[in-house]
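By convention in this document, chain letters (A, B, ...) are assigned in the order of the sequence lines, proteins followed by strands, and residues within each chain are numbered from 1. Bear in mind that the values here come from a model prediction, so they are computed numbers and not experimental data.
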Amino acid sequence: MAKDKKVERITDMDADFAQWYTDVVTRAELIDYSGVKGFYVLRPYGYAIWENIQAELDRRFKETGHENVSMPLLIPESLLQKEKDHVEGFAPECAWVTYGGAEELEERLCIRPTSETLFCEHWARTVESWRDLPKLYNQWCSVLRWEKSTRPFLRHREFLWQEGHTLHATAEEAIEETERMLGVYAELCENYLAMPVTKGLKTDREKFAGAERTYTIECMMHDGKALQNGTSHYFGDGFARAFGITFSDKNNTLQYPHETSWGYATRSIGGVIMTHGDNSGLVLPPGVAPVQAVVVPVASHKPGVLERARELCETLKRAGLRAKTDESDNSPGWKFAEHEMRGVPVRLELGPRDIEGGKCVAVRRADGAKIEIPLEGAAEGVRAILKEAHGIMFARAKARLDENTRVASSLDEVKSIIAEKGGFIVTPWCGDEACEIRMKEDAGVTSRCIPFGQERVGDVCPACGRTADKTVVWGVAY
RNA sequence: CGGGGUGUGGCGAAGCUUGGUAUCGCGCAUGGUUCGGGACCAUGAGGCCGUGGGUUCGAAUCCCACCACUCCGACCA
């Protein structure tokens, strides 16, 4: 029946994971390339995933008291220069505007790579009293970073994200905020994207330019590589001092406030693809799938079939599910393959036999299970299957994370694990950056995080042999 | 930024060595027959051969430069 040579096949993921990824991203119509390197078109299906992530996050931000704002796109060079570490970190990736019309500008303007400086400048003007605090701001926007190598979703030069920026009277309050927002990201990942996360702190070497602490959630992809999927930063009062943000406390003493920022980007969509996808294409978590259930009428030319398919779809929509009917004139087999490739969590096949029996055949993308559900109360049936799908996907990803996280006690062991198996490697660490560099040079791994809930896995740093009091998760990162 | 690969209708390829104005499959449009795992017939539309220069009577083809994509490495807040 299948005529393979006519079929646009996607590359086998075990043969060439990178090519598989590119195939999925383009054939599922998530992304199109543009004329400029690193700039991509997010097509409707890809953008819809982002909109769903956005809606979930935005709701959580508002529940935790944040307000949305919009900051300028351009940053004067002098403003960017104010915080030394920050500018050093970002300068190599800045794109500059130097002309307005035909006139060369007196001061060149950076297209924002991130907006800390803009928020700071604004707060320096508007914050005066402890009564003005905290400031809990967020903005949805795109930023520009002139990356050298680019890949769809994983590393764009321009990417969509949200950046939260907050200002607090005390360090404790700011740290609490930083940890709270990391928790929001982790919750979204696990409960909506079905991606288990490893939460922790970045080492000094890996932290954000200008941050005192950087928190991260790290996810493991299908190929065992790590993807940083959301970070939050605690800045202390460093930026406040650099930008002259002060407030009068209750005792009328001038104080520097403490600042945080946190971001979550379209990169997470790449994470979803590489966590759940398989050789048939995308597998989308029900929580963010643009279409959660697709109704495929079979023998749609026969009287009543199309009508019943539409009715079924309407029933699902009324119940709050994202559903659609595929009324295209492709063959049913073509539609099955197509919607699988696009990762639709549930397919509902409805033909004359089903209508006669008052049921339809549901096929779950995550595991291919075929389940007959009665047309009466179909929404509940679909909802249950979606819930199970999420559970199956999360469990599978969690099992992979657990199976591919290995403890090592020597550098040789780290090397052989990464060469033969990949994944995450957990070791003790003395805390010396030199050892971190050694791990990178000798074994090719970077520290992903110092995980929360430090579990002791040994007493000796594998790189230097000295006493180690920290535990670090290492890996090869995207 | 260094090294490799690629660039020909929307997609995948042939043509390039040996210069003569582009071929095939899929897709697309229209009509018809089909329909439970990528159906079929008929007719038809669609190409500045990545871009710019050069050589030549003549360039998809030869030469130079650039651009983009892709993989590996470096870098990556």
Can you measure [X] atom [atom1] to [N] atom [atom2] for me and round it to whole angstrom units?
{"X": "Arg27(A)", "N": "G27(B)", "atom1": "CZ", "atom2": "C1'", "answer": "13 Å"}
{"X": "Asn330(A)", "N": "C28(B)", "atom1": "CG", "atom2": "C1'", "answer": "12 Å"}
{"X": "Glu356(A)", "N": "G36(B)", "atom1": "CD", "atom2": "P", "answer": "17 Å"}
{"X": "Leu350(A)", "N": "G36(B)", "atom1": "CG", "atom2": "P", "answer": "14 Å"}
{"X": "Ile10(A)", "N": "G12(B)", "atom1": "CD1", "atom2": "C1'", "answer": "16 Å"}
{"X": "Glu338(A)", "N": "G27(B)", "atom1": "CD", "atom2": "P", "answer": "12 Å"}

Any Lys/Arg nitrogen of [X] or [Y] sitting under 4.0 Å from an Asp/Glu carboxylate oxygen of the other?
{"X": "Asp326(A)", "Y": "Arg347(A)", "answer": "no"}
{"X": "Arg180(A)", "Y": "Glu176(A)", "answer": "yes"}
{"X": "Arg60(A)", "Y": "Glu187(A)", "answer": "yes"}
{"X": "Lys335(A)", "Y": "Glu338(A)", "answer": "no"}
{"X": "Glu433(A)", "Y": "Lys440(A)", "answer": "no"}

Separation between the [atom1] atoms of [N] and [M], rounded to whole Å:
{"N": "A14(B)", "M": "G47(B)", "atom1": "C1'", "value": "15 Å"}
{"N": "C63(B)", "M": "U56(B)", "atom1": "C1'", "value": "12 Å"}
{"N": "C72(B)", "M": "G50(B)", "atom1": "P", "value": "26 Å"}
{"N": "U17(B)", "M": "G3(B)", "atom1": "C1'", "value": "26 Å"}
{"N": "A60(B)", "M": "G7(B)", "atom1": "C1'", "value": "12 Å"}
{"N": "G20(B)", "M": "A39(B)", "atom1": "P", "value": "40 Å"}
{"N": "C49(B)", "M": "A59(B)", "atom1": "C1'", "value": "11 Å"}
{"N": "C16(B)", "M": "G36(B)", "atom1": "C1'", "value": "48 Å"}

Tell me the partner of [N], counting only Watson-Crick (N1-N3 plus N6-O4 or O6-N4) or G-U wobble (N1-O2 and O6-N3) with both under 3.5 Å; none if nothing fits.
{"N": "G47(B)", "result": "none"}
{"N": "G10(B)", "result": "C26(B)"}
{"N": "A77(B)", "result": "none"}
{"N": "G2(B)", "result": "C72(B)"}
{"N": "A39(B)", "result": "U33(B)"}

Would you indicate what [X] reaches in the nucleic acid, counting non-hydrogen atoms under 4.0 angstrom: base, sugar-phosphate, or nothing?
{"X": "Val296(A)", "value": "nothing"}
{"X": "Pro352(A)", "value": "base"}
{"X": "Asp354(A)", "value": "base"}

Q: Summarise protein proximity over nucleotides 43-52 of chain B in one line of letters, 5' to 3': B for base, S for sugar-phosphate only, - for none, counting protein heavy atoms closer than 4.0 Å.
A: ----------
(Q) Tell me whether the NZ or CZ atom of Arg342(A) lies within the 45° cone about the ring axis of Tyr45(A) and under 6.0 Å from its centre. (A)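 Ring-cation test returns yes.
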Kindly give the atom pairs (protein nitrogen or oxygen, nucleotide nitrogen or oxygen) under 3.5 Å for nucleotides 67-77 of chain B.
residue: C69(B); atom: OP1; partner: Gly38(A); partner atom: N; Å: 3.3
residue: U70(B); atom: OP1; partner: Tyr33(A); partner atom: OH; Å: 2.6
residue: C71(B); atom: OP1; partner: Arg151(A); partner atom: NH2; Å: 3.3
residue: A74(B); atom: N6; partner: Ser149(A); partner atom: OG; Å: 3.2
residue: C76(B); atom: O2'; partner: Glu93(A); partner atom: OE2; Å: 3.4
residue: C76(B); atom: O2; partner: Arg155(A); partner atom: NE; Å: 3.0
residue: C76(B); atom: O2; partner: Arg155(A); partner atom: NH1; Å: 2.8
residue: C76(B); atom: O2; partner: Arg155(A); partner atom: NH2; Å: 2.5
residue: A77(B); atom: O3'; partner: Lys207(A); partner atom: O; Å: 3.0
residue: A77(B); atom: O3'; partner: Phe208(A); partner atom: N; Å: 3.1
residue: A77(B); atom: O3'; partner: Ala209(A); partner atom: N; Å: 2.1
residue: A77(B); atom: N7; partner: Glu93(A); partner atom: OE1; Å: 3.1
residue: A77(B); atom: N7; partner: Arg145(A); partner atom: NH1; Å: 2.9
residue: A77(B); atom: N6; partner: Arg145(A); partner atom: NH1; Å: 2.6
residue: A77(B); atom: N1; partner: Arg145(A); partner atom: NH1; Å: 2.6
residue: A77(B); atom: N3; partner: Arg145(A); partner atom: NH1; Å: 3.3

Q) Would His222(A) and Trp20(A) count as a close aromatic pair, with their ring centres under 6.0 Å? A)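 Judged by ring-centre distance (under 6.0 Å), His222(A) and Trp20(A) do not meet the cut-off.
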**Q.** Side chains of Thr214(A) and His233(A), donor plus acceptor under 3.5 Å
**A.** yes
Q) Pick one: which of Thr231(A), Val184(A), Leu188(A) meets side-chain contact (heavy atoms from CB on, under 4.5 Å) with Tyr264(A)? A) Leu188(A)
(Q) Restricting to ring-ring contact (aromatic ring centres under 6.0 Å, His included), what partner residues turn up for Trp123(A), sequence neighbours left out? (A) Phe119(A), Tyr137(A)
Q) Is any side-chain nitrogen or oxygen of Ser331(A) closer than 4.0 Å to OP1 or OP2 of A39(B)? A)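 So the side chain of Ser331(A) is within the cut-off, an N or O lying under 4.0 Å from OP1 or OP2 of A39(B).
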Q) Is any side-chain heavy atom of Tyr33(A) closer than 4.5 Å to a side-chain heavy atom of Pro152(A)? A)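 Contact flag for Tyr33(A)/Pro152(A) side chains = yes.
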